[in-house]
Amino acid sequence: GKRLGSFTKSPKCIIKIAETPLIIRSIELLNKYGIKKIYVVTGYKSDKVESTIRKQKLKAILIKNDKFKKGSIVSLWKAREALKGDVIIMDGDLYFEEKIVTILKKSKKKNFFIIDSTVKNDAEAVIVGFNKGKAKTLKRNLKEKHDLKGEWAGFLKLSKNGTKHLKKIIESKILSGKENIGYEFVIPDMFRKTRISYELIDGLKWTEIDFPKDVRKAKLLNLKKILGR
């Protein structure tokens, strides 16, 4: 979380919103909706993340990525034993409305991104473009025309076959020495063989914590929830 500057030197996922670390809130929400087997890949100051989870006595399988200065593809590779069957892959630095988890659970689609089509397409957002309901392009500052474009909100649901395909792609990248890739930019290699659709969360509140302004946004979202706005 270098972009957080002087705000914190701790891992982003243990930033507290309403006195609750992001990672704890995520695990508790997943548990609430029946998602019990959770793997957390740690890296920078992993001991802080591990102690935060253990302090709350939450069940999670902790996997340490010593190569956290490489691309996040390495984190997925470290968790390769977990990449089997139906899987939800999510970022650890998210603050989001609870309803997003219900969408993840209730959707009948086999493979899909959680997408917000209302977000501004800028140089920071990771945008996915879809044609006829199928993901075709994923990049920052996406300019090409598509039937629908939206920001990937940090959640990806994959079926057994989708997970198997992703695992093979990651293995190929790692074995060829391509360890400096963000895992999100490996996903497009799936598009030709695996149909990945979307579930829209337009109008729902969420944010990814990258900058100090995102922490303020998350705190404001929580305040609005408390005030019923």
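The structure presented is a predicted model; accordingly, all values stated were derived computationally and were not measured.
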Minimal non-hydrogen separation, S46 against T42, with atom names: CB-OG1, 3.2 Å
Which of these, I23, I17, I24, sits in a side chain to side chain contact (heavy atoms under 4.5 Å, CB included) with T20? I24
Check whether any side-chain heavy atom of D116 lies under 4.5 Å from a side-chain heavy atom of V119, and answer yes or no. yes
Any donor-acceptor pair under 3.5 Å linking the side-chain atoms of T118 with those of D202? no
State whether K12 and D210 are salt-bridged, where the test is any N-O pair (Lys NZ or Arg NE/NH1/NH2 against Asp/Glu carboxylate O) under 4.0 Å. yes
Considering residues, nucleotides and ligands other than K70, do more than 12 of their heavy atoms fall under 6.0 Å from its NZ? no
In terms of heavy-atom contacts, D214 and I209 come closest through O-CD1, 3.5 Å
Can you tell me how far apart CE (M190) and OG1 (T163) are? Round to the nearest 0.5 Å. 7.0 Å
Hey, does the Lys NZ or Arg CZ of K109 hover above the aromatic six-ring of Y198, less than 6.0 Å from the centre and inside 45° of the axis? yes
Is the ring centre of F155 less than 6.0 Å from the ring centre of F112? no
Student check: side-chain heavy atoms of K9 and F7 closer than 4.5 Å: no
Are any side-chain N or O atoms of S107 and backbone N or O atoms of I103, one a donor and one an acceptor, separated by less than 3.5 Å? no
Is the shortest side-chain heavy-atom distance between K2 and Y44 below 4.5 Å? no
What is the minimum heavy-atom distance between D86 and S159, and which atoms define it? OD1-CA, 3.3 Å
Salt-bridged, K32 to E28, with N to O below 4.0 Å? no
Test your reading of the model: is there a side-chain donor-acceptor pair from T194 to the backbone of F191, 3.5 Å cut-off? no
Please report the C-alpha distance between M90 and S26 in whole Å, then the side-chain angles of each, then the deciding distance to 0.1 Å, and finally whether the side-chain contact (heavy atoms from CB on, under 4.5 Å) criterion is met. CA-CA 10 Å; M90 67 171 289; S26 292; 3.7 Å; yes
Given the ring of F96, does R25 sit roughly above its face, with NZ or CZ under 6.0 Å from the centre of the six-membered ring and within 45° of the axis? yes
K45 atom NZ, over 12 foreign heavy atoms within 6.0 Å: yes
Heavy-atom check, side chain of K84 versus side chain of K160, under 4.5 Å: no
K59 atom NZ, neighbour heavy-atom count above 12 within 6.0 Å: no
CA sep, side-chain torsions, deciding dist, call: V128, L148, side-chain contact (heavy atoms from CB on, under 4.5 Å): CA-CA 8 Å; V128 188; L148 180 134; over 6 Å; no
Exam field: side chain D93 to backbone C13, donor-acceptor pair closer than 3.5 Å: no
Tell me, with the steps shown, if K16 and K219 meet side-chain contact (heavy atoms from CB on, under 4.5 Å). CA-CA 9 Å; K16 291 182 178 181; K219 290 181 177 179; over 6 Å; no
Test your reading of the model: is there a side-chain donor-acceptor pair from S172 to the backbone of K168, 3.5 Å cut-off? no
Does I63 belong to the same Ile/Leu/Val/Met/Phe/Trp/Tyr cluster as V40, with side-chain heavy atoms less than 4.5 Å apart forming each link? no
For Y183, is there any backbone N or O sitting under 3.5 Å from a side-chain donor or acceptor partner on S72? yes
Please list, chain by chain and in numerical order, all residues satisfying side-chain hydrogen bond (donor to acceptor under 3.5 Å, both in side chains) with E124, sequence neighbours excluded. R3
Can you see whether T137 engages E144 through a side-chain donor-acceptor pair at a distance of less than 3.5 angstrom? no
Report the distance from atom NZ of K145 to atom NZ of K143, rounding to the nearest 0.5 Å. 13.0 Å
Heavy-atom side-chain proximity of T8 to V215 below 4.5 angstrom: no
Can you check whether K139 reaches I127 side chain to side chain, under 4.5 Å on heavy atoms? no
Going by heavy atoms in the side chains, are I73 and K178 under 4.5 Å from each other? no
Is it true that the side chains of Y95 and E208 contain a donor and an acceptor less than 3.5 Å apart? no
Residues E179, K173: salt bridge by 4.0 Å N-O rule: no
If you look at every heavy atom in H146 and N131, which pair is closest and at what distance? CA-OD1, 3.3 Å
